[in-house]
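This report concerns only the one structure given below.
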Number of protein chains: 2
Amino acid sequence: MVTIKDVAKKASVSIATVSAVINNNKFVSDELKERVEIAIKELKYRPNKVARSLKNKKTNLIGVIVTEITNPFYPLMLKGVEDVAKKNNYQLIVCTTDDDPQKEYDLVQSMLDYGIDGVVLATIDDKESKSVQLLEQEEIVHVLINRSPEVYSDNSVLIDSYKVGEIATTYLIDLEHDDIAFIGGDRLNSREREKGFKNALAKHGVELKDNRIIKCNYDAEKVYQNVLQLIEQDDMPTAFFAASDTMAFATIKVLLDKGFRVPQDISVIGSDNISFSEDFLIPLTTVDAQAYEMGRLGCETLISLLNESENNSYIKPYLLEPSLVVRKSCQKKMEG
Amino acid sequence: MVTIKDVAKKASVSIATVSAVINNNKFVSDELKERVEIAIKELKYRPNKVARSLKNKKTNLIGVIVTEITNPFYPLMLKGVEDVAKKNNYQLIVCTTDDDPQKEYDLVQSMLDYGIDGVVLATIDDKESKSVQLLEQEEIVHVLINRSPEVYSDNSVLIDSYKVGEIATTYLIDLEHDDIAFIGGDRLNSREREKGFKNALAKHGVELKDNRIIKCNYDAEKVYQNVLQLIEQDDMPTAFFAASDTMAFATIKVLLDKGFRVPQDISVIGSDNISFSEDFLIPLTTVDAQAYEMGRLGCETLISLLNESENNSYIKPYLLEPSLVVRKSCQKKMEG
DNA sequence: CCCTTTCAACTAAACGTTTAGCTAAACGTT
DNA sequence: AACGTTTAGCTAAACGTTTAGTTGAAAGGG
């Protein structure tokens, strides 16, 4: 390995001078500067980031923690994070939690050990997230995207899930549906979508039948079972609103399996707009949750926080606007 | 930040003793060991990996370079890599190249700067890859997965793409198709699939018509245009074999758009078996290219290479077996 | 011509570890 | 009792940087 020492020797200058040239942060005469630059080239010297990190307490590493990587929603978000990280000369340490708070906590710990400069957390939304507490107490710059603990609001980039619920539900109501079921989970994003759903129903005077709130926690198998149960009881709503596209997929699959036509017999609207909903068996009507944009903005605010350093700064939470994406899984309610 | 010094002071021992306790690599009397452990707990000390890396020249960081992250093939591979990395206490630095050799080279350089211990490269297959050369010359342990430069064979985990071509084509021939088109690109994986395709045709005495090799380089738009051209010339094969699922998707979409039925009028088989092919508009029949397994095995061999350290060792290339996945995009050729 | 100021370039300490090599206590042998 | 051997635990150097503080030559002022 060629070190700064070798360069210094070759250029017949001191280590400090080489450092000054590399970092361009002190005046160095043209003559020496040139000698140093030549030496660097000839030796193919590249500064050792590990040593530099040790001295500077800055690794230029950003930790990114996502729930899953096989659900296309997250890769899209990751892409957003990566694009801005790359532009700012950060590298990403990426890992997944499978939505397990303990794993998440351990990962945050591990990242701290690696000396990451900041972290983009796209995962848990527990009432009081241990991970977030840890980050706070260790004073590690962080921004939460997609989800956040209920109490937490600073430095986060979220989708306005309440509005997602409203938009989807209102769309269904506009299509004259009057018996709509909600398929969701426990997480904040889902709870908010549920609130938006209920509110839109109330606002338009649409009744919410008894067993129309179905909690499946993003588990496709559960969705399948729950909808199947409805089918077997012969108690079907005319439309479903799912709090995620993957749950909408699962819903459509049971319906199709059991001989219903989507959207002719039953409409289904999702939310998220993952890349694949466009090409799903039935192209999915859904509400776009801006995964890429959350990643992009999330990383951007992280980096601006990182740059202000001591400013101890607060950036107001972003709440992104969802938007309706009409495709083919919904249609006007049939007569009778 | 609490350092090893603080622990040493608190436990009234030397730094060296604390280090010995942490690393458990020297005998320390039970008494001192306990004192040290208590101090560590009370101070919540965690060793600084950056410092450790500097001394040890080992970061416990693995670089992973993939082409894209929004194509579900790669996340699946990543998942394989991550699962074994996690188990072995490595963290992953992940980035994407968009299939640009220059970007890839720069990324490899960057990762070297970060001191990664090894890299899993899942990307380019140039005749002579600068990136691979760089890794070789810097003596960084690396394994190539999914693709490799033509000349390169060591330490790689590849899918047997020739066989992919054979399997897909033979399946189509078994369905009595006698005019089959191939949709592919320039990359080795595609070239091998093409060879397998041609060989299977020859072996079964099926004629290959003139304009039946369509090069689209994984670009959905190009696929669309090329197939469209065929349609407009009214010169249609009875089946398509695409060298990737995404190209198969694009093919199916034009066909559907132009009023063909898949598979009733025309059969399409893909290759890769990305997660979504199962739920595509027409559930895609395809040949599984074992993305997860390549990632898993790739990382596993990387880590075993890392552990042997000085052994300068060579691990024979893995060539994974592809397997046919029958779904709904192919059927027996219609009479006439 | 001497004294002060300026500043390019240098020396050395520091970042938080690991580890080679040393010290001295404890023990066994004769 | 004297000596050698063993070894628990220590000291200090090293990893490759950055940077505070120092040096000394040149420039400027009186």
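Basis for what follows: all heavy atoms, side chains included, without hydrogens, waters or symmetry-related copies. Numbers restart at 1 for each chain; the letters A, B, ... are given by sequence-line order, proteins then strands.
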With A:Glu82 via salt bridge (charged side-chain N to carboxylate O under 4.0 Å, His left out) - residues at least two apart: A:Lys86

Using a heavy-atom cut-off of under 4.0 Å over every strand shown, decide if B:Ser19 touches base, sugar-phosphate, or nothing. base

Salt-bridge test for A:Asp113 and B:Lys49: reply yes if a basic N is under 4.0 Å from a carboxylate O, no otherwise. no

So that I can tick it off, tell me whether A:Asp98 and A:Lys103 are bridged by a salt bridge, with the cut-off set at under 4.0 angstrom between side-chain N and carboxylate O. yes

Walk along DNA chain D from 5' to 3' and tell me the first and last nucleotide with an atom closer than 4.0 Å to a non-hydrogen atom of chain B. D:dA8 to D:dG16

Under the rule for side-chain contact (heavy atoms from CB on, under 4.5 Å), what residues qualify as partners of A:Lys9, not counting sequence neighbours? none

Taking the side chain as every heavy atom from C-beta outward, state whether B:Ile62 and B:Leu302 have any pair of such atoms under 4.5 Å apart. yes

Do the side chains of A:Glu37 and A:Lys41 get nearer than 4.5 Å, heavy atoms only? no

Sorted by chain and residue number, the side-chain contact (heavy atoms from CB on, under 4.5 Å) partners of A:Leu32 (sequence neighbours excluded) come out as A:Val13, A:Thr17, A:Val28, A:Ser29, A:Arg35

Please say which of A:Val81, A:Val84, A:Leu306 ends up in a side chain to side chain contact (heavy atoms under 4.5 Å, CB included) with A:Tyr90. A:Leu306

Are B:Val18 and B:Val21 side-chain neighbours, meaning at least one heavy-atom pair lies under 4.5 Å? no

Under the 3.5 Å Watson-Crick or G-U criterion, the dot-bracket string of DNA chain C, with | for inter-strand pairs: ||||||||||||||||||||||||||||||

May I ask you to check whether over 12 heavy atoms, not counting those of A:Glu139, lie within 6.0 Å of atom CD? no

For B:Lys57 and for A:Asn25, find the nucleotide of DNA chain D with the closest heavy atom, then tell me which residue's nucleotide is more 5'. B:Lys57

Review item, nucleotides 7-10 of chain C N/O atoms under 3.5 Å of protein N/O:
unit_1	atom_1	unit_2	atom_2	d
C:dA9	OP1	A:Ser29	OG	2.6
C:dA9	OP2	A:Ser29	N	2.7
C:dA9	OP2	A:Ser29	OG	3.3
C:dC10	OP1	A:Ser14	N	3.4
C:dC10	OP2	A:Ser14	N	3.0
C:dC10	OP2	A:Ser14	OG	3.0
C:dC10	OP2	A:Thr17	OG1	2.3

